Amino acid sequence: MTVTLADVAARAQVSPATVSRVLNGNYPVAAATRERVLRAVDELDYVLNGPASALAAATSDLVGILVNDIADPFFGIMASAIQNEIGGPGGRAGGERLAVVCNTGGSPERELTYLTLLQRQRAAAVVLTGGAVEDAPHVAAVAAKLRKLAAAGTRVVLCGRPPAPDTEAVALTFDNRGGGRELTEHLIGLGHRRLGYITGPKERTTTRHRLEGHRAALAAAGIEEDPRWTVHGGYDRGAGHEATLELLRRDPSLTAVVAANDSVALGACAALRESGLRIPEDVSVAGFDDLPFSIDAVPALTTVRLPLAEAGARAGRIAMGREEAPPDGIATITGELTIRGSSGPPGH
């Protein structure tokens, strides 16, 4: 049974006019009332009546691309590649689709809000990029949203994100564990035995998987990890700088620093230089992702190259129905160890 605006008004105990004002955002409404209306909309799964052309079709010409931080090249590269693939036959306005990049800022609540808004607008496709938040209630809430989107005819693709079982979403996932292990194995092969590790935010799947790969390499080499050698931080340069100073304070004898990504690695390099240490003569540094600036760092960063543009383009084609989904709806994309000047034997 179709949920109407009147149903929402009854649930929120307000007039239909008040519901309309909240949804259209064209008239001041008390914060408490607005929250009550939005809660009712979410509980009843009310789909806002969008443009008439969208109502006449199963889906609209809208494609949503969810990113954690559009200023981060990791997400910018994927979003750009996705957008380049979403034009062509299928849309009603000259065959084009309208891409909307939704910047969550890492907020689980904002991620859910964008998924709800895209559902109301009957999006033709939704692509979620990057790692997922590891919080059971949030995982369940996202899965419920993805199921509703799929049931309404929206294609859902996860790009660089772990699979979401029982949602019909196609997952192109990065092998972060394998890349993390290979990176640390490279440093161990050079002779390093005291390796600091700077992780990303604790609640992110990418953080956990890359750290698990690092620890697997240590265990395989018989190296007992010192708790002092791991510092949690963000995915930005500033976090890498602060975390490296903390690692040096905890254990000045470290000979290598493995960073959660290339931006963190740049911050690590800056902190090491400020501390009078040479890279890689005194301390080797390794990143992850192989972002465009990595090769221009001094020295150039050893890293794991992820095919971000290629993955984004494939996600865009699958979202538009121009490429078949992989078997079982899941494809694992492997990174490539890229050795450059920031890593070398300890004390050379």
Side-chain angles (χ1 to χ4, degrees), residues 131 134 174-290 294 297 299 301-304 306 335 337-348:
E134 295 197 301
F174 295 137
D175 182 14
N176 285 306
R177 286 190 187 89
R181 178 167 183 155
E182 190 175 10
L183 193 64
T184 299
E185 285 175 343
H186 162 66
L187 293 170
I188 293 172
L190 290 173
H192 294 279
R193 294 295 182 272
R194 305 182 70 81
L195 298 88
Y197 191 93
I198 305 171
T199 80
K202 288 183 178 181
E203 71 278 4
R204 292 280 165 179
T205 55
T206 301
T207 295
R208 178 169 62 84
H209 295 165
R210 292 181 182 182
L211 180 57
E212 286 175 352
H214 167 73
R215 286 174 168 166
L218 293 179
I223 299 173
E224 184 176 354
E225 183 184 13
D226 189 321
R228 297 176 301 164
W229 295 350
T230 301
V231 175
H232 288 275
Y235 280 130
D236 58 278
R237 180 188 180 280
H241 182 274
E242 292 180 14
T244 301
L245 294 178
E246 175 62 18
L247 282 172
L248 293 175
R249 185 191 66 78
R250 294 181 183 184
D251 188 353
S253 66
L254 291 174
T255 63
V257 173
V258 184
N261 67 12
D262 293 338
S263 296
V264 173
L266 281 189
C269 289
L272 291 170
R273 284 193 292 268
E274 289 173 12
S275 301
L277 296 169
R278 299 167 299 165
I279 305 165
E281 292 84 358
D282 299 317
V283 180
S284 288
V285 177
F288 208 113
D289 298 333
D290 195 21
S294 301
L301 281 177
T302 289
T303 185
V304 172
L306 291 180
L337 177 64
T338 304
I339 301 171
R340 300 193 182 110
S342 69
S343 62
H348 77 288

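Note that these values count all heavy atoms, side chains included, but never hydrogens, waters or copies made by symmetry. Keep in mind that this is a model prediction, so the values were computed, not measured.
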Minimum-distance pair of heavy atoms, taken over all atoms of Gly234 and Ala239: N-CB, 3.3 Å
Side chain to side chain, Leu337 and Ile339, heavy atoms closer than 4.5 Å: yes
Closest contact, heavy atoms only, Leu187 versus Ala256: CD1-CB, 4.4 Å
Value rounded to 0.5 Å, distance of CG in Asp282 from CG in Leu254: 12.5 Å
Side-chain H-bond candidate by donor/acceptor type, Ser284 with Ser343, under 3.5 Å: no
Min side-chain heavy-atom separation Val283-Thr244 under 4.5 Å: no
Close side-chain approach of Val231 and Thr199, heavy atoms under 4.5 Å: no
Asp262 side chain to Thr303 side chain, donor-acceptor N/O pair below 3.5 angstrom: yes
Sequence-distant partners of Arg194, salt bridge (charged side-chain N to carboxylate O under 4.0 Å, His left out), two or more places apart: Asp251
Cationic N near anionic O, under 4.0 Å, Arg204 to Glu134: no
Polar contact flag, side-chain donor to acceptor under 3.5 angstrom, Glu225-His214: no
Sub-4.5 Å side-chain heavy-atom contact between Thr302 and Thr338: no
Closest heavy-atom pair and its distance - Gly131, Thr206: CA-OG1, 3.4 Å
Intermediate values then yes/no, side chain to side chain donor-acceptor pair (under 3.5 Å), Thr207 and Tyr235: CA-CA 9 Å; Thr207 295; Tyr235 280 130; 2.6 Å; yes
Main-chain N/O of Arg215 paired to Tyr197 side chain as donor or acceptor, under 3.5 Å: no
Side-chain touch Val264/Arg237, heavy atoms, less than 4.5 angstrom: no
Minimum side-chain heavy-atom gap Leu218-Leu195 below 4.5 Å: yes
Side chain proximity check, Phe288 to Leu306, heavy atoms < 4.5 angstrom: yes
Contact check, side chains of Val304 and Asp290, non-hydrogen atoms, under 4.5 Å: no
Gly344 versus Pro280, closest heavy-atom pair with distance: N-CB, 3.7 Å
Backbone of Thr255 reached by a side-chain donor or acceptor of His192 within 3.5 Å: yes
Side-chain donor/acceptor of Arg210 to backbone N/O of Ala260, under 3.5 Å: yes
Interatomic spacing from CZ in Arg177 to CD in Glu212 - rounded to 0.5 Å: 4.5 Å
